[in-house]
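Each remark here refers to the structure printed beneath this line.
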Amino acid sequence: SRLYRLYVEHPAWFRYDAARSAQLTLKSDPAYDIKETAAAPYLQFAASAPAQRLKLTGGVRYERTKAKAHGLLIDSTAAYMRYADGSIVRDGDTNPASTLSDGRLVTNLGTSTAVDYVLVNGPAMLPAVRDGSPVFTPEIQAAGNAAYAANETKSTGTSLGLGTLAYTRAVYHAKGATNTALNEALYPSLHATYDLSDRINLQLGYARTQARIDYSNLIPNNQVLDTSATTGIAGQIVLQNPNLRPWTADNFEARVSWSNRNALVAIGVFDKEVQDFQPRVVTPPLTIADIEAYAKQFPDSGLGPEYEGYTLSYRTNAGSARITGTELEFRAPLGTWLPGPARGFDLSGNITYVHRQGANGDELGLNRPWMGSANLHYTAGRFAIRVGYRFNGEQHLGSIAAPNGVVGEYIRKPQNLFDASIEFGIGRGTRLFISGSNLTNELSVLETRFPGKPDYANLTDARNIGRTCTVGVTGAF
């Protein structure tokens with residue numbers, strides 16, 4: 001490549017940064033492994049009432065998933081000196097029993113650019129007051145001094161050593177964190193069909209379902225972060241929670257339909273009650289009692305008394321939401337009422353309304369409440385044509401507050417999309433097709449609306465989603 005040739009011709013223009021290279025290797029695409037064992041036996045039954053007018057189908061699935069994963073551990077506290085109790089050494093720590101007149105436990109025997117921080121009284125004397133910035137280990141201090149002498153860093157004092165290879169090796173550990181998880185539950189379902197008459201059918205259904213397991217919560221990427229003691233917080237521990245349950249939902253549906261040969265009119269309602277969302281929580285500074293409790297909850301986290309005063313950040317299961325809606329579906333073979341060649345026409349379509357409720361409703365996606373479609377088909381011998389229409393209703397994307405306190409909304413405007421396709425049979429089982437979507441080049445338009453704001457001033461963004469055209473051949477062999 002040109003870049004490589006430039007390197008060969010001018011090697012002095014390039015510099016290998018071992019510390020940055022090591023850090024990027026570990027962080028950019030962290031190594032991980034995961035082993036999952038799943039069992040999902042299912043028990044099903046079917047029954048029917050006399051005359052076959054009522055039919056029941058149901059069952060229950062027991063699902064048990066066990067997994068263990070290893071992933072990246074980022075522990076910035078591993079770069080610091082520690083006292084005998086495992087707590088971090090800070091340059092402002094004091095104890096009246098210290099041999100230094102001002103009570104300090106830490107002193108720098110070097111300079112700000114060639115540091116040599118030491119514990120004057122050794123690690124056994126603990127601070128009565130903890131204050132200041134964390135102090136790097138002697139190995140990292142030495143690496144920082146060498147980097148400053150080589151003009152590779154401008155850091156000084158307690159920051160000298162940050163970003164060195166010694167620091168990276170102390171803080172980043174490939175597959176150094178472990179998570180184990182066990183998830184088991186029962187998922188029942190029941191479906192009933194009842195023929196009210198020869199042409200009218202009633203369907204009722206219930207099913208408990210779950211979302212896909214989010215492996216990003218299982219694969220550990222734990223971080224231990226330090227902060228200045230002047231904030232009142234010793235640091236923060238960020239954990240992946242392997243005990244997170246996937247979202248679950250109780251789904252209820254009802255549908256009544258009328259049919260006559262190929263004609264159909266149906267209306268249905270549905271109610272989906274979703275629970276076990278996954279918000280992130282951050283605890284107050286941990287006490288020893290808190291650490292003992294969380295160590296039981298997260299046995300693979302390595303939490304110990306040395307993290308007293310740290311906060312803990314993790315995701316947990318909480319919250320619920322509800323989706324209700326109605327769907328109208330129709331299908332009409334127009335050829336039944338049309339003469340001659342027009343008998344090849346038929347019309348189909350649907351209209352859907354969806355309403356989200358609950359504190360966590362936005363986590364279910366920013367759907368458009370109203371959506372619909374209609375398709376006109378014509379078939380004659382080898383020839384078939386379809387003209388379609390899709391309606392995407394107004395989409396509410398969230399609120400926005402102006403500097404004067406007035407609250408407005410981001411709105412995605414409705415879309416009217418037209419599609420078409422043509423097919424022609426060119427041989428046994430082989431057809432040539434041409435299809436196109438968004439033929440009128442409808443735009444995706446975003447508006448910012450405030451009370452009293454004129455319509456012409458609402459436009460925020462308009463994007464061309466483009467027309468598409470596909471030509472091909474299909475066949476069955």
Side-chain angles (χ1 to χ4, degrees), residues 209 211-212 214 216 246-247 249 251 253 266-280 315 319-330 347-376 386-421 435-470:
T209 58
R212 294 183 61 184
D214 186 354
S216 65
W247 295 358
N251 305 275
E253 297 186 20
I267 185 169
V269 295
F270 56 86
D271 181 357
K272 301 179 185 293
E273 299 178 2
V274 186
Q275 52 273 333
D276 284 338
F277 288 88
Q278 300 172 352
R280 179 169 291 280
R315 292 190 180 276
S320 62
R322 184 181 181 188
I323 302 177
T324 56
T326 302
E327 182 175 19
L328 174 65
E329 177 187 358
F330 66 91
L347 179 67
S348 63
N350 66 81
I351 301 172
T352 303
Y353 173 75
V354 177
H355 177 57
R356 294 176 302 165
Q357 308 170 60
N360 298 87
D362 288 344
E363 296 190 42
L364 298 173
L366 300 172
N367 64 283
R368 299 176 186 262
W370 287 100
M371 297 186 70
S373 67
N375 289 279
L376 180 63
R386 179 190 66 86
V387 177
Y389 166 72
R390 289 176 290 143
F391 172 73
N392 294 328
E394 192 171 80
Q395 185 179 29
H396 294 251
L397 301 177
S399 60
I400 179 175
N404 61 1
V406 177
V407 177
E409 276 193 289
Y410 289 117
I411 301 292
R412 185 79 63 187
K413 290 189 66 176
Q415 293 176 305
N416 296 283
L417 307 170
F418 292 90
D419 311 322
S421 64
S435 65
S437 63
N438 192 24
L439 300 179
T440 57
N441 199 28
E442 183 81 349
L443 301 178
S444 176
V445 179
L446 176 66
E447 293 187 343
T448 306
R449 300 179 185 176
F450 285 92
K453 185 179 179 182
D455 292 344
Y456 66 82
N458 289 334
L459 179 63
T460 302
D461 180 76
R463 299 189 180 186
N464 188 340
I465 60 177
R467 301 184 184 95
T468 62
C469 180
T470 305

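All values derive from a computational prediction rather than experimental measurement.
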Item to check | Shortest non-hydrogen contact from E442 toward I465 | outcome: O-CG1, 3.3 Å
Checklist entry - Taking side chain as C-beta onward, heavy atoms only, is T324 less than 4.5 Å from V269? => result no
Next on the checklist: Atom OH of residue position Y410 - does it have more than 12 heavy atoms of other residues, nucleotides or ligands inside 6.0 Å?
Outcome noted: no
Checklist entry - In chain order, what residues pass the ring pair (Phe, Tyr, Trp, His ring centres under 6.0 Å) check against Y389, with sequence neighbours excluded? => result F418
Checklist entry - Does some side-chain heavy atom of S444 sit less than 4.5 Å from a side-chain heavy atom of Q415? => result yes
Item to check | Spatial distance of atom CZ (R386) from atom CG (N375) [nearest 0.5 Å] | outcome: 5.0 Å
Item to check | Closest non-hydrogen atom pair, F277 against A321 | outcome: CE1-N, 3.5 Å
Item to check | Contact list for residues 388-402, test salt bridge (charged side-chain N to carboxylate O under 4.0 Å, His left out), sequence neighbours left out | outcome: R390-D419, E394-R449
Item to check | side-chain hydrogen bond (donor to acceptor under 3.5 Å, both in side chains) partners for Q395, two or more places apart | outcome: none
Next on the checklist: With salt bridge (charged side-chain N to carboxylate O under 4.0 Å, His left out) as the rule and sequence neighbours excluded, what pairs involving residues 398-417 come up?
Outcome noted: K413-E447
Item to check | Heavy-atom pair of closest approach, residues L439 and A420 | outcome: CD1-CB, 3.8 Å
Checklist entry - Measuring from N251:CG to K272:NZ, what's the distance to the nearest 0.5 Å? => result 4.0 Å
Checklist entry - For atom CG of N464, is the number of surrounding heavy atoms from other residues, nucleotides or ligands below 6.0 Å larger than 12? => result yes
Item to check | T460 side-chain N/O to N458 backbone N/O, donor-acceptor pair under 3.5 Å | outcome: yes
Checklist entry - Taking C-beta and beyond as the side chain, do S373 and N350 meet within less than 4.5 Å on heavy atoms? => result yes
Item to check | Pair listing, ring-ring contact (aromatic ring centres under 6.0 Å, His included) test, anchored in residues 444-470, at least two apart | outcome: none
Item to check | Heavy-atom check, side chain of L347 versus side chain of F330, under 4.5 Å | outcome: yes
Checklist outcome for this item: Heavy-atom closest pair (A211 atom, P246 atom, distance to 0.1 Å) is O-CB, 3.5 Å
Next on the checklist: Within the structure provided, determine whether V274 and R322 are in side-chain contact (heavy-atom separation under 4.5 Å).
Outcome noted: no
Item to check | Side-chain (Q275) to main-chain (S320) donor-acceptor, under 3.5 angstrom | outcome: no
Checklist entry - Would you find a donor on one side and an acceptor on the other, under 3.5 Å apart, between the side chain of N438 and the backbone of G466? => result yes
Checklist entry - F270 and I323: side-chain contact (heavy atoms from CB on, under 4.5 Å), yes or no, with the steps? => result CA-CA 8 Å; F270 56 86; I323 302 177; 4.1 Å; yes
Checklist entry - Do the non-hydrogen side-chain atoms of L397 and L446 ever get within less than 4.5 Å of each other? => result yes
Next on the checklist: Nearest 0.5 angstrom please: H355 NE2 to T326 OG1, how far?
Outcome noted: 11.5 Å
Checklist entry - R280: what forms a salt bridge (charged side-chain N to carboxylate O under 4.0 Å, His left out) with it, not counting sequence neighbours? => result none
Checklist entry - Under a 4.5 Å cut-off applied to non-hydrogen side-chain atoms, are V354 and M371 in contact? => result no
Checklist entry - Does a donor on one side chain sit under 3.5 Å from an acceptor on the other, for N392 and R368? => result no
Checklist entry - Is L459 close to V445 at the side-chain level, that is, under 4.5 Å between some pair of heavy atoms? => result yes
